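Numbers for residues simply follow the sequence, beginning at 1. Not measured: the values here are computed from a predicted model.
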Amino acid sequence: MLEEWISRYDKVLLMRTPEFFDRLVSFGPGLNKIIVLTTAFEVPPTGPITFQRISEDVFWELLELYFTYEFSDKIRLVMDCGINYGRLYHMVDQGILTLEEYLTALLS
């Protein structure tokens with residue numbers, strides 16, 4: 001599955017919570033080569049971004065691969081790990097980046 005997602009999409013976002021779904025969808029055109037893999041119960045209706053619900057087991061397997069291998073920025077992790085260090089997501093929590101700046105950096 002992972003090989004297929006990496007070859008088919010420009011970006012694979014591994015997301016644990018749906019808090020950015022609306023903002024991602026609002027980025028609009030040009031995002032059709034992005035898939036969001038999420039453990040959220042509900043995924044947004046079809047739009048410019050492909051959303052796919054995955055199980056907790058699959059999420060943890062993908063997370064292990066994410067931390068084990070380098071994917072040339074094809075896979076991005078979007079989750080609040082509760083870790084206090086310079087992750088991009090943490091910079092939003094601390095007010096260093098706006099949510100829009102974060103999403104722009106994430107998708108670039």
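Rounded to the nearest 0.5 Å, atoms CG (L37) and CG (L13) are 8.0 Å apart. With values rounded to the nearest 0.5 angstrom, M15 atom CE is found 12.0 Å from R76 atom CZ. The OG1 atom of T38 sits 8.5 Å away from the CG atom of L14 when rounded to the nearest 0.5 Å. Note: F59 CZ to Y66 OH = 10.5 Å, rounded to the nearest 0.5 Å.
Remark: E64 engages no residue in a side chain to side chain donor-acceptor pair (under 3.5 Å) (not counting sequence neighbours).
Between T39 and E56 the shortest heavy-atom distance is CB-OE2, 3.5 Å.
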**Step-by-step side chain to side chain contact (heavy atoms under 4.5 Å, CB included) determination, Q52 to W5** = CA-CA 11 Å; Q52 184 170 335; W5 291 323; 3.7 Å; yes

**Prompt:** Would I34 and T50 satisfy side chain to side chain contact (heavy atoms under 4.5 Å, CB included), going step by step from the backbone distance to the final call?
**Reply:** CA-CA 6 Å; I34 295 173; T50 302; over 6 Å; no

**Message:** As a quick check of understanding, evaluate side chain to side chain contact (heavy atoms under 4.5 Å, CB included) for L2 and I75, giving each step before the final call.
**Reply:** CA-CA 10 Å; L2 184 57; I75 296 180; 3.5 Å; yes

**Asked** Going through the checks in order, is the side chain to side chain contact (heavy atoms under 4.5 Å, CB included) test met by I49 and I35?
**Response** CA-CA 6 Å; I49 300 174; I35 185 168; over 6 Å; no

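K11 places no side-chain N or O within donor-acceptor distance of the main-chain N or O of V36, the cut-off being under 3.5 Å. With hydrogens and angles ignored, the 3.5 Å screen pairs a side-chain donor or acceptor of K74 with a backbone N or O of Y9.
Atom CZ of R53 sits in a crowded spot, with more than 12 heavy atoms from other residues, nucleotides or ligands closer than 6.0 Å.
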